[in-house]
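Right, one structure below, let's go through it.
Lettering follows sequence order; numbering is per chain, from 1. For the numbers below, each heavy atom of this structure counts, side chains included, while hydrogens, waters and symmetry mates do not.
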Protein chains: 2
Amino acid sequence: MKTKQTDLADSLMERGYRMTPQRELMLSLLGGSDKHLSADKLLMGVRKVYPRVNKSVVYRNLELLTELGLVSCVDFGNGRVEYEVHRHPHHHHLVCRNCRHTIMINSDTFAELQKQLSDHYHFIADMDHLALFGLCHACQTKAQAQQGHHPHPL
Amino acid sequence: MKTKQTDLADSLMERGYRMTPQRELMLSLLGGSDKHLSADKLLMGVRKVYPRVNKSVVYRNLELLTELGLVSCVDFGNGRVEYEVHRHPHHHHLVCRNCRHTIMINSDTFAELQKQLSDHYHFIADMDHLALFGLCHACQTKAQAQQGHHPHPL
DNA sequence: GCCATTAATGCAACTAGTTGCAAAAGCAAC
DNA sequence: GTTGCTTTTGCAACTAGTTGCATTAATGGC
Ligand SMILES: [Mn+2]
Ligand SMILES: [Mn+2]
Ligand SMILES: [Zn+2]
Ligand SMILES: [Zn+2]
C-alpha cells in the first residue's frame with residue numbers, strides 16, 4: 001500500500017500544520033528515493049524547483065516530519081544525519097567501525113530487547129531506525145590475524 | 001580496582017601515542033567526575049590550568065581516548081556529545097523523548113541482542129554506552145489520558 | 001643534557017545544524 | 001475575493017564540531 005501525497009497533507013492538517021510547496025517537494029523527494037538522503041542533498045533537490053529555499057526550512061521540516069513519524073533519521077557517523085521516509089516493516093543498520101560496511105537488518109531482532117525494557121523499566125523504546133556500530137565478520141577475522149603484531153593487545 | 005594515571009600513560013605509549021599535560025589533565029578531569037562531561041565543559045576545566053588550550057585539542061584527544069576504549073561518549077540529543085571514563089560494568093541510558101528524564105540501566109539487558117546479532121549476522125556490536133530514546137512510564141500514562149483529545153491518533 | 005624524529009598543539013577557516021525575528025503565505029470565515 | 005489569524009519561510013547570526021597547516025614539544029638514542 002503506497003502512501004499518497006494527499007494522505008500526507010491530511011496527516012499534517014489534522015494536527016494544525018500546513019502543506020506548503022516546500023514540504024510537499026521534500027516528501028516527494030524522500031518518497032522517491034530508495035536511499036537515505038542528507039539534509040544537504042535534499043536542499044539541493046528542493047532548490048532545483050524552488051531555488052530560494054533556505055536550509056533552515058529543510059532542517060525544520062525534517063524535524064517536524066520526524067516528530068510526526070513520517071520520516072526517520074539515522075546517524076552513521078559521517079558528519080551528516082541521513083533521512084528516509086518511514087516505511088513498514090522497520091529496519092535497522094549495522095555499521096562496521098573499521099571498514100564502514102553496513103548491513104540492513106529486520107527490526108524483529110529487537111523485539112526481545114524491547115520487551116525486557118518494557119518489563120523491567122516500563123520504558124517503551126523507539127526502535128524504528130537505529131544504527132549500531134561494531135565489527136563486521138571480515139574485520140573480525142582481520143583483527144584476529146593482526147593480534148600477533150601487537151605486543152600488548154587490550 | 002582504580003586505574004592509575006601511569007597505567008593510562010603506558011596504555012598510550014604502547015601504541016605510539018604520547019602523554020601530554022593536556023591529555024593527562026583531560027583524563028584526570030574525566031576520571032574525577034561522576035557525571036558526563038561535554039567537550040565544552042572539559043575545555044573550560046582544562047583552561048583553568050592551561051589557559052591557551054584550543055578546543056581542537058580537546059576534540060582530537062576525546063576522539064583518540066574513545067578509540068582506545070579509555071573514554072566513552074553518548075549523544076542525548078541536547079546539541080552536544082557527552083563523555084565519561086569507560087568504567088566496568090558497562091551501562092546504558094534510556095531517555096524519555098517527552099520529559100527528558102533518563103534511566104541508567106545495566107548492559108546485561110543487551111546480551112541477548114548481542115548474541116542474536118553475532119549468530120545471525122556475524123556482527124560484534126559495540127554495546128558499551130548507548131542512549132535509547134522512547135517514552136518513560138509517566139509519559140506513557142499521560143499520552144493515554146490525552147488520547148481522547150486527538151480525533152485521529154497515529 | 002643534546003639531537004633527531006615524529007606526534008601533538010594552536011590557530012584559523014571551514015561544515016553541519018540551530019535560533020530569533022520580520023516578512024510572506026496558508027487557511028478559514030465571511 | 002478580501003480579511004484576519006497563525007504558521008511557515010528566508011535570512012542572518014550563532015553553536016558544535018572538523019580539518020589543514022605551521023610551530024611546538026614528547027620521546028628515544030647518544
Ligand atoms: Mn535506513
Ligand atoms: Mn553514561
Ligand atoms: Zn568491516
Ligand atoms: Zn517522560
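Taking five base pairs at each end of the helix from C/dG1-D/dC30 to C/dC30-D/dG1, the local helix axes there meet at an angle of 30°, rounded to 10°.
Between D/dT6, D/dG17, C/dA7, one nucleotide has an atom nearer to the side chain of A/Arg18 than all others, and that is D/dT6. When the nucleotides D/dT19, D/dT8, C/dT19 are ranked by their closest atom to the side chain of B/Arg60, D/dT19 comes out on top.
The CZ-C1' distance, from A/Arg80 to D/dT18, rounds to 12 Å in whole Å. The separation between B/Met19 atom CE and D/dG28 atom P is 13 Å, rounded to whole Å. Atom CD of B/Glu67 and atom P of D/dT18 are 12 Å apart (whole Å).
Using a 4.0 Å cut-off on heavy atoms, the residues of residues 37-55 of chain B that approach DNA chain C are B/Arg52, B/Val53, B/Asn54, listed by number.
Look at B/Arg80 and B/Asp40 and you find no salt bridge, because none of the NZ, NE, NH1 or NH2 atoms lies under 4.0 Å from a carboxylate O.
In this model, a donor atom of one side chain and an acceptor atom of the other lie less than 3.5 Å apart for A/Ser56 and A/Asn54. Residues A/His129 and A/Ser72 have side chains that bring a donor and an acceptor to within less than 3.5 angstrom of each other.
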From CA spacing to verdict: side chain to side chain contact (heavy atoms under 4.5 Å, CB included), B/Val74, B/Tyr83: CA-CA 6 Å; B/Val74 69; B/Tyr83 298 84; over 6 Å; no
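Below 30°, between 30° and 60°, or above 60°: for A/His91 and A/His36 the angle between ring planes is below 30°, a parallel geometry.
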Output one line per pair: protein atom, nucleotide atom from nucleotides 1-4 of chain D, and distance, for all N/O pairs under 3.5 Å.
none

